[in-house]
Number of protein chains: 2
Amino acid sequence: MKLNERHLMQLAAVLDAGGVSEGAAMLGLTQPAVSRSLAMLEARVGEPLFIKGRRPLQATALGGQLAVQGRAIISASRRASDVVQGFVRGTTGQVRVGGVPFFIDAMISRMIGEFLNLEPGITVQQAYMNLPELAAGLEAHQIDLGIVPIGALELGSRFVFTEILPGRNIVACRPGHPLMRKRPLEAGDLTRYPWVAPLPGSPLMSDLQMILMSIGMSDLNIRYSGGSLMSVVHVLAETDALAVLPFSVVFAQRQDNRIVVLPYDIPQPNRSLGILRLTTAARNPAVERFSGYIISAFDDLKHVIRRHERSVIWGAGPESES
Amino acid sequence: MKLNERHLMQLAAVLDAGGVSEGAAMLGLTQPAVSRSLAMLEARVGEPLFIKGRRPLQATALGGQLAVQGRAIISASRRASDVVQGFVRGTTGQVRVGGVPFFIDAMISRMIGEFLNLEPGITVQQAYMNLPELAAGLEAHQIDLGIVPIGALELGSRFVFTEILPGRNIVACRPGHPLMRKRPLEAGDLTRYPWVAPLPGSPLMSDLQMILMSIGMSDLNIRYSGGSLMSVVHVLAETDALAVLPFSVVFAQRQDNRIVVLPYDIPQPNRSLGILRLTTAARNPAVERFSGYIISAFDDLKHVIRRHERSVIWGAGPESES
DNA sequence: CGCACAGTATAGCACTATGGCATGAAGCTG
DNA sequence: CAGCTTCATGCCATAGTGCTATACTGTGCG
């Protein structure tokens with residue numbers, strides 16, 4: 001006994017409106033059209049759905065039960081329309097973000113919070129991942145965008161990369177660290193202190209290797225590894241340990257004054273932090289709003305970051321941009 | 001942006017099945033039909049719903065969200081079909097019963113319990129009401145059937161009445177009541193004891209008036225009134241009070257041995273207990289199952305009741321039916 | 001690289017359902 | 001009983017739906 005969903009909707013509308021004419025008007029149809037639909041439904045069911053000759057129109061037990069389902073269909077249909085509306089306007093939907101842990105924790109999660117306030121209809125689903133999983137996730141359409149440091153042209157043309165910050169690394173330590181007062185700083189100084197290693201697999205890990213090579217040491221005294229950003233900051237603040245961190249991460253912590261930049265020049269990776277997306281991705285206004293918000297937020301921050309960078313590393317005051 | 005519900009259902013089926021062909025088969029349609037429906041939906045939405053060239057077929061964010069609504073529509077439609085199936089078979093639905101309190105409490109509620117066990121898909125909604133409200137409720141289609149004592153042809157042809165028991169009244173008292181040992185019993189004896197009056201408006205109330213007239217008294221010493229059957233039985237059992245009750249009510253309490261029939265002949269009302277229904281009521285198999293069950297249950301009980309009636313009132317032992 | 005295969009889209013055609021307009025039928029009200 | 005409101009019916013146009021046949025596209029294999 002397959003029933004026509006359209007008929008069920010009309011039944012519900014008519015019962016809710018209290019009459020065929022009213023129900024038809026509510027649906028934007030004419031009375032005869034609805035009247036005939038109901039007759040068809042009644043014929044297919046083989047049982048009366050209405051108690052005849054009553055105002056307002058009254059349903060039989062069966063009619064009432066079917067109307068419940070009709071209402072469910074109507075509301076599902078309305079929700080579907082709302083989904084589409086929200087989608088084209090970018091005011092509804094889901095943004096699935098993947099990103100490297102420290103950068104997400106230091107800067108992006110804060111912006112996500114602001115974004116969620118601006119766009120109450122959008123939900124953000126975030127996962128921690130490094131470049132290989134991220135590229136795979138994008139290709140499998142499991143995430144919509146990734147926030148990663150990436151070298152120019154590192155990936156094929158299937159991806160489009162939007163830079164949001166230069167990927168500048170520094171060595172971080174607690175304020176008042178003994179090395180902060182030592183001039184000049186030499187490579188050997190760095191190896192005399194314990195180190196905090198970043199998460200395995202993260203870009204920072206290979207950066208650390210690069211630094212090791214540049215100062216001609218085979219290994220460091222790594223006393224702590226595997227922690228999230230918050231854990232790393234705590235460890236740095238409580239000990240004399242050192243860590244390689246993106247400058248932006250230290251920047252984000254500037255208010256707390258728990259970690260500072262050690263003014264020692266380390267080799268810089270040739271890459272930028274940015275947003276990675278599929279070239280072929282389906283249009284998704286919610287995702288576009290999100291990435292647009294992140295990019296503009298960093299545009300606003302960029303000169304502040306750069307000025308801060310110079311001042312904390314080289315002790316230089318504010319100066320005019322080149 | 002009004003979407004076609006049928007399209008949404010097909011979208012859901014296709015995504016659940018993992019392909020157009022499979023989804024079409026699941027719906028009992030051909031692949032081209034579904035393919036075209038999806039193309040129409042996509043055209044109306046104006047956004048891609050699928051990620052092309054992937055097996056199993058993968059939806060875009062929008063496609064997935066719309067499929068959720070499609071699934072809701074499918075399940076509502078399935079429930080509607082189930083409702084109809086259950087209705088025509090009488091295995092599902094609602095039975096709205098109105099009835100006089102004492103009789104419902106004494107006999108019908110027990111049978112409702114048995115019926116609910118037999119028909120797990122049917123729900124019974126019961127209300128206490130006497131004849132006038134009951135007739136009005138039937139005409140307003142607020143109840144499906146009433147269980148009342150009613151005189152032959154008392155109502156018009158708009159109602160059909162099915163007798164289930166003769167409406168025989170008796171005077172009830174506790175076992176060991178002083179009057180149980182007194183022979184002969186005379187009308188004056190009855191007035192020397194307190195009385196329990198039935199619920200105002202109930203048929204028993206007018207029966208009580210009739211008895212008063214027959215024994216030539218203007219009023220009785222009414223000590224308790226307004227109680228439900230359980231309360232009345234308790235009061236009768238704990239005091240020497242008397243009450244007019246239908247014989248069937250006393251019969252139903254026979255196991256508890258808390259009230260008995262006083263062997264005093266009182267004038268009998270010219271009516272029967274039975275089921276009252278509208279002549280014009282829409283067919284409702286669940287209601288029919290219910291009334292059928294009640295009638296057959298009383299058919300089974302009838303000869304037991306009659307035998308018991310004779311024995312408890314006249315002290316006669318079991319005898320062959322006439 | 002091309003072939004076979006599976007799966008999907010398109011074309012063409014027939015038919016049903018749906019909707020509108022005009023109009024008839026029925027029930028309630030004064 | 002007249003008039004009003006409301007529902008049912010007849011008729012026509014058209015959009016949706018379904019089918020078969022066929023073209024297209026991506027995938028895996030030799």
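We name chains A, B, ... by the order of the sequence lines, and we start the count at 1 in each one.
In the set D:dG18, C:dG19, C:dT8, C:dT8 carries the atom at the smallest distance from any side-chain atom of B:E22.
In this structure, A:T60 contributes its side chain and A:P48 its backbone to a donor-acceptor pair below 3.5 Å. Side chain of B:T279 to backbone of B:F159: a donor-acceptor contact under 3.5 angstrom is found.
Nucleic acid contact class of A:S21 (heavy atoms, under 4.0 Å, all strands): sugar-phosphate only. Residue contacts shown for A:G28 are limited to sugar-phosphate atoms, with no base heavy atom under 4.0 Å away. Heavy atoms of B:E42 sit nowhere under 4.0 angstrom from any nucleic acid atom.
If you measure from atom NZ of B:K2 to atom P of C:dT18, you get 13 Å, rounded to the nearest angstrom. One interatomic measurement links the two molecules: CZ of B:F50 to P of D:dG26, which rounds to 17 Å at whole-angstrom precision. Following rounding to the nearest Å, A:M9 (CE) and C:dT18 (P) show an atom-to-atom distance of 10 Å. In this structure, the CZ atom of A:R36 is 13 Å from the P atom of D:dC12, given to the nearest Å.
Closest-nucleotide positions on DNA chain D for B:A33 and A:S35 were compared, and the one nearer the 5' end corresponds to A:S35. Nearest-nucleotide assignment on DNA chain C puts the 5′-proximal partner with A:H7, out of A:H7 and A:Q31. Place A:P32 and A:N4 on DNA chain C by their nearest nucleotides, and A:N4 ends up nearer the 5' end.
When A:I275, A:I147, A:V100, A:V124 are each tested for a side-chain contact (heavy atoms from CB on, under 4.5 Å) with A:I108, only one passes: A:I147. Screening A:R6, A:R78, A:E5 for a side-chain contact (heavy atoms from CB on, under 4.5 Å) with A:I73, the sole residue that qualifies is A:E5.
Remark: B:R283 CZ is packed, more than 12 non-hydrogen atoms of other residues, nucleotides or ligands lying under 6.0 Å away.
For A:Q10 and C:dG19, the shortest distance from a side-chain N or O to OP1 or OP2 is below 4.0 Å. Distances shown here put a side-chain N or O of B:T30 below 4.0 Å from the OP1 or OP2 atom of D:dC19.
With hydrogens and angles ignored, no donor-acceptor pair under 3.5 angstrom links the side chain of B:R6 to the base of D:dG16.
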